[in-house]
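Letters A, B, ... mirror the listed sequences (proteins, then strands); counts begin at 1. Bear in mind the structure is a predicted one, so any value in this text is a computation, not a measurement. Any value given below was found using the heavy atoms of this structure, including those in side chains, with hydrogens, waters and symmetry copies removed.
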Number of protein chains: 2
Amino acid sequence: MFSKVIISDDLGSISQGVLSVLGNLSITNVTQVQYCDDAYLKISKAILDQEPFELLITDLSFIADHRDQKYKSGEELVAALKQQNPDLKIIVYSVEDRLQKVRVLVNKHNIDGYVCKGRRGLIELDQAIVTTYQNGQYLSPQVQQALSPKSNLEIDDYDILLIKLLSNGLSQEQIREQLKIDNISPNSLSTIEKKLNKLRIQFKANNAIHLVAIVKDLGLI
Amino acid sequence: MFSKVIISDDLGSISQGVLSVLGNLSITNVTQVQYCDDAYLKISKAILDQEPFELLITDLSFIADHRDQKYKSGEELVAALKQQNPDLKIIVYSVEDRLQKVRVLVNKHNIDGYVCKGRRGLIELDQAIVTTYQNGQYLSPQVQQALSPKSNLEIDDYDILLIKLLSNGLSQEQIREQLKIDNISPNSLSTIEKKLNKLRIQFKANNAIHLVAIVKDLGLI
DNA sequence: TAAGTCATTACGGGAAACCGTAAAATACAT
DNA sequence: ATGTATTTTACGGTTTCCCGTAATGACTTA
């Protein structure tokens, strides 16, 4: 079993639950941090000391406070860590159950497990740790469909970007300009209209306002 | 100090933290539930048994699952309990830090304390319990301004309604019709335009889409 | 190479949103 | 009661959005 584990979660009360799970698995060498930057530093230092952590269990959202942080979210932390140190296993433990988020974390950042905080969260976390130790991948049941290709709703990053720009108050004309500036194509007004129209149909939205509201509720932006 | 307490929170890991706080206060008679309906039933039964609970600590959001619930959120639970049983002290312990939410809970439902889950959550919860026991009211620092009248941004229920209807996909014309149907005045297209325009300025929004996005982020709708 | 499919772009008409101005209705003071 | 301020409503002009059609270009397949 893992012998050296680090937990990153700004809610002290949650870490306590995770600790008890680790205890049940006879993992005693556990470090707790409440800031992503601390996690990053401790993990880096442990590598230099030739005593690297084997597993990171981290939350996604960290409430900002007076301390300025380089890594402001679990996602940023994970991205940095997995790039520099692919050997470190990472399990994300979060209330977030949006498939889009999970997809990105698994496919882009190669995390080893994703557990939703919930009634069965700690039970699932237990399983996730065991599976991960055996080089497997664990996803909570409610997000497993995130990876199955059939659940491909055909909304890609471009679509998300459009809606995000819309929600930031840009007109379709301004979106066109922005895409040109950022060298993103397609960027004609007509295509932008057409894409947004497709999205409206897909999400059964009456108009652009409705679309933004729906997509915001779904947590896609 | 309180002698009989009940905790309602669907995340088992969080309840553990709360338990340790209660333990530090030498409160040992503690009941835990993970569903609002269970909380309601246990509290009601305890009254019948002449051994009522003195304090409820509850979360706001409960993830829906297979079990059909009469009370689906902490807010509904609180509303029902405080109405039938004003003596029961209630502390809400939630990640939610939207002032609007807190305002409603305090003013309308008369809760005794509101603590935000966060780094200092458990410390604040400790204080909240003590204060509440002395018949005081406790609010986490970040939401204290919720009650100060100066934070009155002059947005009333009518404004919120307009934005909510907008976010539901209604056009201004459809909003006019809806207001007429519901016998809400003013309900002319012109006034609706004007109000929304005022709101756009107030929230520094470029257009209606932007307005809805901002207000959604603020948690007002 | 030719035909066919699909994404991208262009354009035009009608609907809705946006904006200013002004008239009508209402509330409120002396 | 009368004048003043505020709210509500009405209206016209401009911009943006919404929607259909069609032309262009890229790519696949025969």
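Looking at B:Gln84 and B:Tyr40, their side chains do bring a donor and an acceptor atom within 3.5 Å of each other. Side-chain N/O atoms of A:Asn197 and A:Glu193 include no donor and acceptor closer than 3.5 Å.
One cannot find a donor-acceptor pair under 3.5 Å joining the base of D:dT8 and the side-chain atoms of B:Lys198. Side-chain N/O atoms of B:Glu193 and base N/O atoms of C:dC19 include a donor-acceptor pair closer than 3.5 Å.
A:Asp157 and A:Lys164 are not joined by a salt bridge, as no carboxylate oxygen comes within less than 4.0 angstrom of a charged side-chain nitrogen. A:Glu177 and A:Lys180 are not joined by a salt bridge, as no carboxylate oxygen comes within less than 4.0 angstrom of a charged side-chain nitrogen.
Atoms CD1 (A:Ile175) and P (D:dC18) sit 11 Å apart, rounded to a whole Å. A:Asn206 has its CG atom 11 Å from the P atom of C:dA17, to the nearest Å. A straight line from NZ of B:Lys195 to P of C:dC18 spans 17 Å, rounded to a whole angstrom. For the pair B:Leu211 CG and C:dA17 P, the interatomic distance rounds to 13 Å; values are reported in whole Å. When the C1' atom of D:dC18 is taken as reference, atom CG of A:Leu199 falls 15 Å away, rounded to whole Å. Between B:Leu170 atom CG and C:dA15 atom P there is a gap of 19 Å when expressed in whole angstrom units. Per the geometry, CD1 belonging to B:Ile209 stands 7 Å off P belonging to D:dC17, to the nearest Å. As rounded to whole Å, 13 Å separates atom C1' of C:dA16 from atom CG of B:Leu196.
For the OP1/OP2 pair of D:dC19 and a distance below 4.0 Å, the side-chain nitrogens and oxygens of A:Arg200 include at least one atom meeting the criterion. OP1 and OP2 of D:dT8 both lie 4.0 Å or more from every side-chain N or O belonging to B:Ser190.
Taking the nucleotide of DNA chain D with the nearest heavy atom to each of B:Pro186 and A:Leu166, the more 5' of the two is matched to B:Pro186. Residue whose closest nucleotide on DNA chain D sits further toward the 5' end, between B:Ser188 and B:Asn207: B:Ser188.
When distances run from any side-chain atom of A:Lys194 to the nucleotides C:dT8, C:dC11, D:dC11, the shortest one goes to C:dT8. Checking C:dT8, D:dT8, D:dC19 against every side-chain atom of A:Asn197, the shortest atom distance belongs to D:dC19. Of the listed nucleotides (C:dC18, C:dA10, D:dT9), C:dC18 has the atom at the smallest distance from the side chain of B:Gln172.
Residue contacts for B:Ser171: at a heavy-atom cut-off of 4.0 Å it reaches the sugar-phosphate backbone alone, with no base atom in range. Nucleic acid contact for A:Asn187: sugar-phosphate only, since backbone atoms but no base atoms lie under 4.0 Å from a heavy atom of the residue.
Cation-pi geometry between B:Lys117 and B:Tyr93 is met: the NZ or CZ atom falls under 6.0 Å from the ring centre, inside 45° of the normal.
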